[in-house]
Engineer: 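Below are the structure tokens for one structure; questions will follow.
Keep in mind that the numbers below use all heavy atoms, side chains included, and drop hydrogens, waters and symmetry copies. Throughout, numbering of the chain's residues begins at 1 and tracks the sequence. In listed order, ligands and their atoms are each counted from 1.
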Amino acid sequence: MGLLKITNGVLITPYRYIRGGTVVIEDGIIRGIHERDVEVPDAVEIDAGGQYVAPGFIDIHVHGGGGYDFMDGTEEAFLKIAELHARYGTTALVPTTLTAEKEDLLQTLDTYEAANRTNHRGAAFLGIHLEGPYFALSQRGAQDPRYIRNPAPQEYEEILAYSSSIVRWSAAPELKGAIPFGRRLREKGILAAVAHTDAIYEDVLEAYENGYSLATHLYSAMSGVTRRNAFRYAGVIESAYLLDMDVEIITDGVHLPPPLLKLVYKIKGPDRTALITDAMRAAGMPEGESTLGSLKNGLKVIVEDGVAKLPDRSSFAGSVATTNQLVRNMVQLADVPLLDAVRMASTTPARIMGVESRKGSLTPGKDADLVIFNENVDISATLVNGNLVYSNQLLINA
Ligand SMILES: [Zn+2]
């Protein structure tokens with residue numbers, strides 16, 4: 001691997017721009033960030049051609065892409081999804097499951113561990129996110145109702161004991177057993193997130209005090225203000241704003257319209273907001289029929305208007321976004337400065353997942369996970385741990 005130098009870029013640290021800056025990489029680690037070109041004998045050189053050079057995008061909620069889903073149960077699916085998203089700027093991701101029978105979840109954990117050892121050509125894996133199955137039926141969205149249930153210690157303890165690869169678990173905090181479940185996750189160092197939930201503020205506050213620190217795809221599959229008889233109750237959305245919770249938003253430009261993107265940015269800001277794709281298998285594929293979840297047990301969906309929908313079009317069924325689109329949408333649809341959009345796609349998700357000492361900014365000592373892109377956030381090159389896993393038309397001078 002050796003020495004690598006990226007010259008002639010507009011570096012996004014992402015706290016400032018360094019125009020004409022140089023990044024020096026040695027053995028997969030960033031060794032230097034310089035304000036001009038520097039002599040590095042024997043380095044392989046990449047000329048960024050005046051384009052942006054930013055920390056790689058970190059997608060903490062993604063189900064698939066390139067025709068594959070993490071629930072397919074094959075190593076190939078994991079590797080192909082990692083490669084597909086790397087083409088669009090993702091350098092690290094958190095493979096995410098759907099509600100399923102326990103056996104399918106355990107199998108996905110096995111497959112993850114096998115794939116993680118051979119994943120060298122795509123985005124790196126940060127561990128598994130179990131999305132469900134402990135959800136409110138009324139907010140299931142595209143999650144299969146057959147598998148939705150309450151958290152029971154005999155089940156989740158078995159899953160937790162089975163694998164050390166679980167880094168995040170999304171659940172509805174108002175369910176019976178959800179509070180001790182959150183405490184247990186916190187004890188294990190696993191990120192607990194509120195999701196697919198009809199909770200009111202009082203439930204979310206208790207959940208927050210007991211370990212839940214992130215709102216999963218804010219606005220999607222969760223309660224807002226409700227009225228019971230004459231009285232109003234704050235829902236999960238208002239609670240996420242009021243409490244110091246992190247939020248993630250599907251920034252495909254379809255799930256949330258521009259005013260809501262602006263509202264989240266205004267209230268939560270770039271340090272509390274992570275951009276996610278929540279992409280299903282059709283990301284990076286032509287529109288038409290597809291399957292949400294595993295090929296065996298999945299739901300038929302249609303992809304049209306840049307989003308997956310249930311066949312009756314009553315609900316979205318996941319996005320088909322890629323991370324470069326998330327950044328582009330925050331800039332072009334929500335008028336957010338590019339520096340902040342990059343922070344929400346790299347620095348903030350790295351901090352939420354607890355990997356900020358290794359990832360999420362252009363800083364000496366961190367992993368050389370970088371993306372090079374133009375004004376429109378079209379990706380020219382992606383490096384993961386200093387390896388060029390994707391490049392478009394860049395000049396590489398040995
Ligand atoms: Zn999801």
Engineer: Which heavy atom of A199 sits nearest to which heavy atom of V204, and what is that distance?
Structural biologist: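 Shortest heavy-atom separation between A199 and V204 comes out as CB-CG2, 3.8 Å.
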Engineer: With the Zn ion (ligand 1) as the reference point, give the N/O/S atom of E131 that is nearest.
Structural biologist: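 So the atom name we want here is OE1.
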Engineer: Rounded to the nearest 0.5 Å, what's the gap from CD1 on I249 to CG on L326? Could you check?
Structural biologist: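 If we round to the nearest 0.5 Å, I249:CD1 and L326:CG are 9.0 Å apart.
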Engineer: Find, among atoms of D278 that are N, O or S, the one nearest to the Zn ion (ligand 1), and state its name.
Structural biologist: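 Nearest N/O/S atom of D278: OD1.
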Engineer: Can you tell me if H63 has an N, O or S atom under 2.8 Å away from the Zn ion (ligand 1)?
Structural biologist: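 Yes, H63 qualifies, because one of its backbone or side-chain N, O or S atoms lies under 2.8 Å.
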Engineer: When the aromatic ring centroids of H217 and H196 are compared, is their separation below 6.0 Å?
Structural biologist: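 Here the rings of H196 and H217 have centres that are less than 6.0 Å from each other.
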Engineer: Are T216 and S170 linked by a side-chain donor-acceptor pair shorter than 3.5 Å?
Structural biologist: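 Yes, because at least one side-chain N or O of T216 sits under 3.5 Å from a partner of the opposite role on S170.
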